[in-house]
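Below is one structure, written out as C-alpha cells, with a few remarks after it.
For the numbers below, each heavy atom of this structure counts, side chains included, while hydrogens, waters and symmetry mates do not. Both ligands and their constituent atoms are indexed starting at 1 by order of listing.
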Amino acid sequence: MAPRARPRVAGVVGWPIRHSLSPLIHRIFAEREGADAVYLPLLVEPGRGSLMRALSGLRAAGFVGLNVTIPHKEDAFALADKRSAAAEAAGAANMLTFADDGLYADNSDIGGFKWALAQKLEGRRPGRALVLGAGGAARAVVLALKELEIGDCAIANRTRKKAEALAARFSARVADWPITPKLLAGVDILVNTTSLGMAGEPPLAIALTALSPDAIVADIVYRPLETGLLRDARARGLAVVDGIEMLMRQAAPGYEAWLGRKAVVDDELRAALVDALHAEAAK
Ligand code: ATR
C-alpha cells in the first residue's frame, strides 16, 4: 500500500498561547476546502535562545511555517535569513516560513489592520489619525495608516519617550497622554493599541464627545470583543473596527502560504470566533 501523503503542518508560537484563536481560524479555513492540514498552538518560553531552539526542532519535525505572537515577534524578525518589506518596516515578524534556503520572515499584522480599516473607509481618505499606545501593535497600526496615506498621524502613550521613538521612526507626531477631549477634535480615526480595556486591565477612560460623527474608532483588544471604547463609539453612532477583524485578516496569508489554497474571511468565520469568545467568557 502506498504511504499516505503527509499533512501540511503549521502552528503559532507564543507565551502564553492557550487562548490563541489562530488554531480555530486555521481549522475553519482548512475544513472549508478539505485541506489535509494541521495547525497547532505551541508554547515557547520568552527569549531569543528558546525561540531559536524551538525553530530548529519544528523545522526538523516538518513544519512548513509558523505564526508568531507575543513575546516573540522581534526575535522572530532577528532570527530570519530573509525578510519581507513589511517585516523590515515593522522590525517585527508575525509569520515565519521554513523555506529551502532559510527562514523567511513576514508581517501580516500591517495588512490585517489596513484591510479592516479600509472596509470602513469605503474609499474615503481621512486626514487625521490618533493612535493610543506605542508597543508592537502600535507599530503595525501606524504603518498601516501610512500605507493608507493618512497624512497626519499622531501617537499618544503613557510613556512619552516610546511615543517619541515610534513617531521619529515613522514620521508621525506625538500627542499628549492622557487623552483630553481637545486632543480628539478633528480626529477621523482613533485606534487603541494599549492593553487598557482588556479583561483584567483598567478601562480606557476617554470621552468621545469631540469626535466627528463620521469618525472611525478601532480597538485591537478582542477580549472582551466589545470594549468600553467600542461600546461608547457605537452608542454615538460611530463606525467601529474590533480586534477580531484584524485577527482574521492577519491569519489569511499564513494559511495560503502554508496549508491550503484560499483563506476565505467572511461573516461565517467571524461568527465562529465570536461564539468561541462568548463560550470562553461564560466559563
Ligand atoms: P503590544 O506589543 O501588544 O503593543 P506592549 O508592547 O506591551 O504590547 O504595549 C502595551 C501598550 O499599552 C503600551 O503602549 C503601554 O504603555 P507604556 O509604553 O507606557 O507601558 C500601554 N499600557 C499598558 N498599560 C497601561 C496603563 N495602565 N495605562 C496606560 N497605558 C498602558
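Between Glu74 and Arg139, at least one side-chain N (NZ, or NE/NH1/NH2) sits under 4.0 Å from a carboxylate O, which counts as a salt bridge. Between Lys82 and Asp106 there is no salt bridge, since no side-chain N of the basic residue sits under 4.0 Å from a carboxylate O of the acidic one. For the pair Lys73 and Asp109, the salt-bridge criterion is met [side-chain N within less than 4.0 Å of a carboxylate O].
Below 30°, between 30° and 60°, or above 60°: for Phe29 and Tyr255 the angle between ring planes is between 30° and 60°, a tilted geometry.
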Anything under 3.5 Å between an N or O on ligand 1 and a protein N or O? List each pair with its distance, or write none.
from, atom 1, to, atom 2, distance (Å)
ligand 1, 2 (O), Gly136, N, 3.2
ligand 1, 4 (O), Gly136, N, 3.2
ligand 1, 4 (O), Ala137, N, 3.1
ligand 1, 12 (O), Ser195, N, 3.4
ligand 1, 14 (O), Ala134, N, 3.0
ligand 1, 14 (O), Asn157, OD1, 2.6
ligand 1, 16 (O), Asn157, OD1, 3.2
ligand 1, 18 (O), Asn157, ND2, 2.8
ligand 1, 18 (O), Lys162, NZ, 2.7
ligand 1, 19 (O), Arg158, NE, 3.0
ligand 1, 19 (O), Thr159, N, 3.0
ligand 1, 19 (O), Thr159, OG1, 2.5
ligand 1, 20 (O), Arg158, NH2, 2.9
ligand 1, 27 (N), Arg158, NH1, 3.3

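Arg158 forms no cation-pi arrangement with Trp177, by the criterion of a distance under 6.0 Å to the ring centre and an angle within 45° of the ring axis.
Taking each heavy atom of Gly47 and Asp75 in turn, the nearest pair found is C-OD2, 3.8 Å.
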